[in-house]
Peer 1: 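One structure follows; several queries about it will come next.
First listed ligand is number 1; within each ligand, the first listed atom is number 1. Quantities reported herein were computed from a predicted structural model and do not represent experimental measurements.
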Amino acid sequence: MLIETHAHLDFPEFGDDLEDILARATAAGVEKIITIGTTLASSRAAIALAERYPQVWATVGIHPNHAAESTSQDLEEIDQLCRHPRVVAVGEAGLDYHYLPSRTRSKKGDVTGALLAQTTAKVEEFTHDGAEIAAQKAVFEAQLDMAVRHGLNVVIHQRDSFEDTVDQLRPYSGRLKGVFHCFGGSSEAAAALLELGHLVSFTGIVTFKNAGLVRETASRVPDGSFMVETDCPYLAPVPHRGGRCEPAYVQEVARTLATERGVTLDSLAAQTSKTAEEFFRFNR
Ligand SMILES: [Zn+2]
Ligand SMILES: [Zn+2]
């Protein structure tokens, strides 16, 4: 039995054939699927799916890329949703600096060669970066406090923001656990998280040819410190790479981890499921 700990079943990619997808997951030995909220609307949709399908559970939260557009009213409503019996964590929450204004716009900035215009544009971009980062940090903190209030753990999303994310999380050690989902870092980075009481989870990236570093990390992290996920519809593992991902493919993630760690698929599945049961505390 496997637990798929990170899926986006409410995304439009699954609008046409969700029943088939859930049937394929069951056939692949996936006993539970956690569908992850990314906005207030997505969190509500996640709960609706969890109410409809007994194997589906929900998280509620605001993804950092939606932090700037979210309101305090959104956060208050998510706080209310935390009480729902099918909600098993807050998130995905965290920091994501990958799409900061200065990174996404700077290429357009230098077409004219007008130095002054560029400089002005740069200053503006950094001002926008500051506002974006401040919004993400505020929404992340609100969700960490929310998790503590409700006794829930947190699904953490970070991209190009590892140190800031860990810094913001540090004062919460002992009050909540986070899972750094889609973990792609070194075993040293993983060890630093475990030290603070957190976990990691691995996606189909572990099956990619060029992902030697994360495979090495996955082979070294201690038993009980990691879970498996797909992050579907993204990151389809080999041999489905490039196509739409779905929860059944978590088996490919688990199979690769089992090979790397020199254990059977059954043993890897049992161990990661036990970790997920302890982290999410279904039916608590
Ligand atoms: Zn994420
Ligand atoms: Zn996600």
Side-chain angles (χ1 to χ4, degrees), residues 3-15 18 21 25 30 32-47 49-50 56-70 78 81 87-100 132-133 135-137 139-140 143-144 147 152-162 164-166 168-169 177-185 189-190 193 198-206 208 211 214 217 226-237 244-250 253 276 279-280:
I3 298 180
E4 145 76 307
T5 60
H6 197 113
H8 293 284
L9 297 183
D10 67 307
F11 280 20
E13 285 86 345
F14 300 122
L18 186 60
I21 285 161
V30 179
K32 291 188 174 87
I33 301 170
I34 300 169
T35 191
I36 304 289
T38 55
T39 61
L40 173 59
S42 159
S43 299
R44 286 188 179 130
I47 289 177
L49 289 164
V56 175
W57 299 78
T59 72
V60 294
I62 294 174
H63 187 288
N65 292 339
H66 293 290
E69 78 207 29
S70 68
I78 286 177
L81 297 179
V87 168
V88 291
V90 170
E92 56 187 303
L95 302 173
D96 187 331
Y97 297 169
H98 192 70
Y99 298 107
L100 287 180
E132 170 68 25
I133 290 171
Q136 289 192 15
K137 286 186 171 175
V139 170
F140 186 28
Q143 293 180 92
L144 292 171
L152 293 168
N153 287 326
V154 185
V155 176
I156 307 278
H157 172 104
Q158 79 77 28
R159 194 170 181 193
D160 301 344
S161 59
F162 185 75
D164 279 11
T165 306
V166 173
Q168 206 171 341
L169 208 48
K177 284 177 190 286
V179 57
F180 278 66
H181 104 90
C182 196
F183 191 74
L193 296 177
H198 305 304
L199 304 178
V200 297
S201 76
F202 297 106
T203 60
I205 290 176
V206 296
F208 297 176
V214 62
T217 303
F226 67 97
M227 302 186 281
V228 289
E229 60 165 306
T230 64
D231 202 11
C232 65
Y234 312 119
L235 300 174
R244 181 188 67 174
C245 188
E246 61 178 72
Y249 301 170
V250 78
V253 178
F279 184 85
F280 293 105

Peer 1: Where is the tightest heavy-atom contact between Val253 and Glu229, given as atom of each residue plus distance?
Peer 2: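 Closest pair (atom of Val253, atom of Glu229, distance): CG2-O, 3.6 Å.
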
Peer 1: Can you see which heavy atom on Ala7 is nearest to which on Pro247, and at what distance?
Peer 2: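 Taking Ala7 first and Pro247 second, the nearest heavy atoms are CB-CG, 4.3 Å.
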
Peer 1: To the nearest 0.5 Å, what is the distance between OH (Tyr249) and OG1 (Thr203)?
Peer 2: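 If we round to the nearest 0.5 Å, Tyr249:OH and Thr203:OG1 are 15.0 Å apart.
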
Peer 1: So for atom NZ, which belongs to Lys32, do other residues, nucleotides or ligands contribute more than 12 heavy atoms lying within a distance under 6.0 Å?
Peer 2: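 Enclosed.
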
Peer 1: List for me each residue that meets side-chain hydrogen bond (donor to acceptor under 3.5 Å, both in side chains) alongside Glu132, sequence neighbours excluded, and say none if there are none.
Peer 2: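 Per chain and number, Glu132 pairs via side-chain hydrogen bond (donor to acceptor under 3.5 Å, both in side chains) with Gln136.
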
Peer 1: Atom CD1 of Ile33 and atom CG of Leu9: how far apart are they, to the nearest 0.5 Å?
Peer 2: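 Rounded to the nearest 0.5 Å, the CD1-CG separation comes to 5.5 Å.
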
Peer 1: Just to be sure I understand the site: which N, O or S atoms from the protein are less than 2.8 Å away from the Zn ion (ligand 1)?
Peer 2: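 Protein N/O/S atoms under 2.8 Å of the Zn ion (ligand 1): Glu92 OE1, His157 ND1, His181 NE2.
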
